[in-house]
Amino acid sequence: MNCENFSISEKIVSSSYIRQGAQARRTHEQLIRLLLEKGKCPEDGWDESTIELFLNELALMDSNNFLGNCGVGEREGRVASSLVARRHYRLIHGIGRSGDIAAVQPKAAGSSLLNKLTNAVVLDILKAAGVRTVSSCFVVPMATGMSLTLCFLTLRHRRPKAKYILWPRIDQKSCFKSMITAGFEPVIVESLLEGDELRTDLQTVESKIKELGPENIVCVHSTTSCFAPRVPDRLEELAQMCAKYEIPHIVNNAYGVQSSKCMHLIQQGARVGRIDAFVQSLDKNFMVPVGGAIIAGFNESFIQEISRMYPGRASASPSLDVLITLLSLGTNGYKQLLKERKEMYTYLAEELKKLAEAHGERLLETSHNPISLAMSLGNFEKHTKAVTQLGSMLFTRQVSGARVVPLGTEQTVSGYTFQGFMSHTNEYPCPYLNAASAIGITRQDVDLCIKRLDKCLKSFKREKGDQSEKLERESGNPATASEEDVSELAERFQEEACLGLRKL
């Protein structure tokens, strides 16, 4: 409805009512106008009707939704299922063109506008989350691993003779395979054990640079968010080292946007040294479906170079999902989620520590990791199968996301063999269990996890006790029966007695 149509409507329905309706419509349009003018995430979230109005308006600007459109090309935005069309708000053309994922499509002005606005809104959120000097970013419809690969492939054109990527070890397959897929040779730098924490070995990184030669190194591939007891890399020192030797620096910030500490590390690294790009997952940081990432950096021309490396058009789904989410939350809503996550981290740490002490274990001291926690499983140390069994017990009790890490696991990834895989080092002192306070976690999640983990640990202790008693009986030194055992034997005797009476 435009002004002309509202005027005509006044001839059909009372003008006072129509003017009231027009005013309500202008309220929605005012929000949309501010978004287009400022290119920033709104402070307060929009209601669903405003978002749907906006998306429907965008869809009407794409040629597949033109009334009377006649398409004779191979890609005309045709969709067989109306359900699929509605799922995508009839924004069918995707984003970008064959030569650049950020380019405007002539026959899809609405989808192109969606793409530009999404990138602008996401950039605003990255600044609000702590990286205030980030200059450019774009949403790419690939998860973190493939997005890292895209960054490495872009560097190939800048450094055609280089073949090595220096990588402080983190036991996560996708970030490792991203380097292999790009055709480079990872140089694995083992971490240093400092207390309970695994930290970046800066001395070895620098010695590798000197040994291989800076001109032969594609980049340093560092990490922020990770599973404890591994902690974020020493980004400031690595950034200074990269600036000193003129080596590019790519940061895997997979789920670091939700952590002010991780974002601060990136900001500081860029301030004192060199960070060329940092990559983060959409689903882990913004609670949207899997399949998207953000590639961001401090040099706009380099980020544009990465976007031009993407071959062909791309799906608009990740851009659409994150735009809808951020418009729904607004900056204030997203900041509130970050605040709640941080509070839940403290609560999870407190509860996990209490539980650990109750079972003769301890919460590992990993204060440099702002998201993930680790609890020792020292009582399981001589029972490797029991460690993996504990993980299975938690999963069957609907505790997802908890990781149990036994000692001595060997894993081969793309031809490279890792000792102590999952623990980020060849020989960590003890097996342990991971739990993370990620965005969206609730107090109920923590309470249920602790309750179910407590039951699993008690169950393991009972089984261990039963085995000990069996051994003592077999050795001719019977153990003293517990009250629970006596009660269980009494119940069993009663059942057998009843069964015997029934047979008689």
Side-chain angles (χ1 to χ4, degrees), residues 122-137 144 147-148 151 155 165-170 175 189 191-192 194-195 197-206 209 214 217 219-281 284-285 293-303 306 331 334-335 338-339 341-342 345 366-372 437 439:
V122 166
L123 183 67
D124 185 48
I125 287 294
L126 291 179
K127 291 179 179 180
V131 185
R132 302 202 174 277
T133 59
V134 60
S135 64
S136 182
C137 77
T144 310
S147 299
L148 286 166
C151 295
L155 289 173
I165 295 179
L166 295 187
W167 180 66
R169 177 177 169 180
I170 170 174
C175 60
V189 179
S191 299
L192 294 174
E194 297 181 7
E197 294 182 332
L198 291 164
R199 307 210 67 188
T200 317
D201 186 346
L202 295 169
Q203 188 175 345
T204 300
V205 172
E206 188 159 25
I209 291 173
I217 298 171
C219 67
V220 170
H221 176 194
S222 63
T223 305
T224 54
S225 53
C226 51
F227 295 118
R230 178 67 154 82
V231 299
D233 279 318
R234 299 179 189 269
L235 247 60
E236 288 185 48
E237 293 91 335
L238 287 175
Q240 288 174 323
M241 206 179 292
C242 288
K244 176 182 175 182
Y245 292 101
E246 297 183 344
I247 298 172
H249 185 189
I250 305 296
V251 180
N252 174 11
N253 189 45
Y255 47 98
V257 179
Q258 61 192 281
S259 163
S260 57
K261 184 176 286 187
C262 289
M263 297 300 270
H264 176 73
L265 286 173
I266 293 170
Q267 177 62 50
Q268 286 298 99
R271 186 182 66 81
V272 302
R274 177 172 180 173
I275 291 179
D276 294 74
F278 57 103
V279 180
Q280 36 274 308
S281 164
K284 291 184 178 78
N285 293 292
I294 304 163
I295 299 176
F298 305 90
N299 184 315
E300 190 170 351
S301 65
F302 179 60
I303 300 304
I306 298 173
T331 305
Y334 188 67
K335 284 182 176 179
L338 300 186
K339 179 175 175 287
R341 186 211 69 80
K342 193 177 287 188
Y345 174 85
T366 56
S367 59
H368 288 97
N369 193 318
I371 299 173
S372 177
S437 175
I439 190 168

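- The shortest heavy-atom contact between P370 and Y345 is O-CD1, 3.4 Å.
- Inter-residue side-chain proximity for I371 and Q258 is flagged as met; some heavy-atom pair is nearer than 4.5 Å.
- At distances below 3.5 Å, not a single donor-acceptor pair connects side-chain atoms of R199 with backbone N or O atoms of E194.
- Two residues are said to be in side-chain contact when any heavy atoms from C-beta on lie closer than 4.5 Å; I303 and C137 fail this criterion.
- Closest approach of G256 to C262, counting heavy atoms only: O-CB, 3.5 Å.
- The shortest non-hydrogen separation linking S437 to R341 is O-NH1, 2.8 Å.
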Full working for side chain to side chain contact (heavy atoms under 4.5 Å, CB included) between V220 and M241:
CA-CA 10 Å; V220 170; M241 206 179 292; over 6 Å; no

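- Atoms OG1 and NZ, on T331 and K127 in that order, are 12.5 Å from each other to the nearest 0.5 Å.
- Not one N or O on the side chain of N252 forms a donor-acceptor pair closer than 3.5 Å with the backbone of H221.
- Rounding to the nearest 0.5 angstrom, the gap separating the OG atom in S259 from the NZ atom in K342 is 7.0 Å.
- Using a distance-only test at 3.5 Å, with no hydrogens or angles considered, no donor-acceptor pair links the side chain of T366 to the main chain of E197.
- Separation of atoms OG (S222) and CD1 (I275) is listed at 6.5 Å; rounding is to 0.5 Å.
- Between H249 and L238, some side-chain heavy-atom pair lies under the 4.5 Å cut-off.
- For the atom pair R234 CZ and L192 CG, the distance stands at 7.5 Å (nearest 0.5 Å).
- Inter-residue side-chain proximity for V134 and L123 is flagged as met; some heavy-atom pair is nearer than 4.5 Å.
- The nearest pair of heavy atoms linking M263 to N253 is SD-ND2, 3.6 Å.
- Distance alone, capped at 3.5 Å, places no donor-acceptor pair between the S372 side chain and the F227 backbone.
- Side-chain atoms of K284 and S225 form no donor-acceptor pair, as typed in the model, at a separation below 3.5 Å.
- At a threshold of 4.5 Å between non-hydrogen side-chain atoms, the residues C175 and T223 do not count as touching.
- Closest approach of P248 and D276 over heavy atoms only: CA-OD1, 3.2 Å.
- The two residues L148 and V251 come nearest to each other via the heavy atoms CD2-O, 4.4 Å.
- Within the 4.5 Å cutoff, side-chain heavy atoms of F298 are placed close to those of V131.
- The main-chain N or O of F278 is found under 3.5 Å from a side-chain atom of Q280 such that the two form a donor-acceptor pair.
- Using a 4.5 Å cut-off on side-chain heavy atoms (C-beta onward), I294 and N285 make no contact.
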Would you check, one step at a time, whether the test side chain to side chain contact (heavy atoms under 4.5 Å, CB included) holds for L338 with S260?
CA-CA 8 Å; L338 300 186; S260 57; over 6 Å; no

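- Put simply, the side chain of K261 does not reach to within 4.5 Å of the side chain of T224, judged on heavy atoms.
- Expressed to the nearest 0.5 Å, how far SG of C219 lies from CD1 of I247 amounts to 9.0 Å.
- Atom CD in Q267 sits 8.5 Å away from atom CZ in R132 (nearest 0.5 Å).
- Remark: of the listed residues R230, E237, E236, R230 is the sole one forming a side chain to side chain contact (heavy atoms under 4.5 Å, CB included) with D233.
- Of the possible polar contacts, none joining the T204 side chain to the V189 backbone as a donor-acceptor pair under 3.5 Å is found.
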